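Here the structure is laid out as structure tokens; the discussion comes afterwards.
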Amino acid sequence: MPIYLLAIETSCDETAAAVMCDGKLRSHALVSQMEHSRLGGIVPELASRQHLRAIIPVVDEALQQAGIEIHALNAIGFTAGPGLIGSLMVGSCFAKGLALSLQVPLIAVHHLQAHVHALFLADTAPAFPFLCLIVSGGHTQLVVVRDYLDMEVVGETRDDAAGEAFDKTARMLGLPYPGGPAMDQLARSGNPHAFAFPEANVPGYDFSFSGLKTAVRYFIQQEEKIDPDFVQKYRNDLCASIQASIVRHLVHKLEAAAEGLQLTRIAIAGGVAANSWLRQYVQQLAQSKGWQVFIPPLKYCTDNAAVIASVAYHKFLRSDFAPASIVPDARYRG
Ligand code: KG4
Ligand code: ZN
């Protein structure tokens with residue numbers, strides 16, 4: 001009997017559902033909330049309401065694409081955190097209700113473990129152990145991945161996440177939310193050496209991005225005193241220089257951890273792993289160091305339910321089920 005699993009992701013501003021059959025992805029559907037763009041950032045209450053609107057159509061679409069009826073499902077996985085609590089509540093209540101009514105196991109998934117699983121949905125997955133840089137809108141971590149569900153955090157940001165650094169500085173340049181993809185695009189025709197921003201000096205494998213944010217703000221304020229059109233005139237160079245700064249810090253720490261922990265299989269994951277400059281920089285460094293590098297397909301980098309399904313499947317194999325009383329947690333640790 002094949003095992004059909006439905007996974008649901010609602011941790012931030014994407015409502016997503018995916019179906020896996022015996023560990024193979026059969027479908028994944030997603031609605032990205034565009035309402036936040038004009039508001040300059042995610043409005044948590046609005047995100048929760050939008051999840052409520054989207055969740056049933058998205059789940060229906062995933063089931064339809066997979067060509068199965070809801071009664072064929074054998075397990076329900078959902079993101080239990082970390083994330084926005086109101087958003088997590090919508091997905092978890094839906095998952096719990098469905099699991100109870102179908103009388104099938106419920107599986108709680110850690111959102112960051114799921115980002116790592118984007119690597120297992122690629123044609124060539126890394127062998128264990130490997131070092132993974134997880135870079136998203138809410139998190140920046142260096143993780144040693146020993147098995148599908150065995151991951152150790154060896155470094156993390158002490159303030160802003162890398163995605164947040166992209167989004168907040170992009171906003172200073174007048175770009176819409178989320179700023180990361182727009183900055184990546186504009187940076188292609190900018191000069192990464194046009195402006196120099198200092199790199200944070202943080203011990204070990206930890207990161208810091210709040211200094212960069214402040215440096216960019218003061219720099220723009222100073223320049224605008226001389227030329228009020230400064231940002232407009234130099235937007236692409238600013239994008240390229242800020243992006244280069246963020247990526248440099250990420251890659252320096254990745255390199256330090258790989259050397260310190262003597263790991264030669266290196267991977268990146270999370271929304272910021274979609275960044276073309278980061279992808280290119282990591283590939284080049286890997287070549288010069290003789291590392292094997294693994295970069296997930298673009299569509300699995302940003303939030304989606306396919307990666308939630310992958311974690312849930314491995315938990316299903318271990319009968320690692322959640323009680324119906326489980327409550328999602330914005331700071332979920334798994
Ligand atoms: O993983 P994700 O979809 O959601 C979270 O779990 O946070 O990551 C979203 C983040 C946003 O900050 C967005 O600006 C950033 O990923 N991002 C990018 C790119 N695509 C998405 N940052 C830089 N370059 C990109 N191409
Ligand atoms: Zn995410």
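In each ligand, atom 1 is the first atom listed, and ligand 1 is the first ligand listed. What you see is a predicted model, and the numbers here were worked out from it, not measured in a lab.
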Quiz item: Going by atom types alone, do Gln141 and Glu156 pair a side-chain donor with an acceptor below 3.5 Å?
Solution: yes
Exercise. Just jot down the ligand 1 atoms closer than 4.0 angstrom to any heavy atom of Gly138, in number order.
Key: 7 (O)
Quiz item: Looking at Gly137, which atoms of ligand 1 are within less than 4.0 Å of one of its heavy atoms?
Solution: 5 (C), 7 (O), 8 (O), 9 (C), 10 (C), 12 (O)
Practice problem: Could you check atom 13 (C) of ligand 1 against the protein and tell me its nearest heavy-atom contact, residue, atom and distance included? | Solution: Asp167 OD1, 3.8 Å
Quiz prompt | ligand 1 atoms in contact with Gly163 (distance to a heavy atom under 4.0 Å) | solution = 12 (O)
Practice problem: List the closest protein heavy-atom neighbour of atom 15 (C) of ligand 1: residue, atom name, distance to the nearest 0.1 Å. | Solution: Val272 CG2, 3.9 Å
Quiz item: With a cut-off of 4.0 Å, which atoms of ligand 1 are near a heavy atom of Asp184?
Solution: 24 (N), 25 (C), 26 (N)
Self-check item: Numbered atoms of ligand 1 (with element) below 4.0 Å of His111, judged on heavy atoms
Solution: 6 (O)
Exercise. Go through the side-chain N and O atoms of His115 and Asp303 and say whether any donor and acceptor fall under 3.5 Å apart.
Key: yes
Self-check item: 2.8 Å shell around the Zn ion (ligand 2), exclusive bound, protein N/O/S atoms
Solution: 3
Quiz item: Just which atoms of ligand 1 are under 4.0 Å from any heavy atom in Thr302?
Solution: 3 (O)
Practice problem: May I ask you to decide whether Arg188 forms a salt bridge with Asp184, counting only side-chain N to carboxylate O separations under 4.0 Å? | Solution: yes
Quiz item: Which residue pairs pass the side-chain hydrogen bond (donor to acceptor under 3.5 Å, both in side chains) test with at least one member in residues 96-105, sequence neighbours excluded?
Solution: none
Quiz prompt | Interfacing atoms of ligand 1 (cut-off 4.0 Å, heavy-atom, Gly180) | solution = 14 (O), 18 (C), 19 (C), 22 (N), 23 (C), 24 (N), 25 (C)
Exercise. Look only at interatomic distance and state if Gly270 has a nitrogen or oxygen under 3.5 Å from any nitrogen or oxygen of ligand 1.
Key: no
Quiz item: Is there a donor-acceptor pair under 3.5 Å between the side chain of Lys315 and the backbone N or O of Phe321?
Solution: no
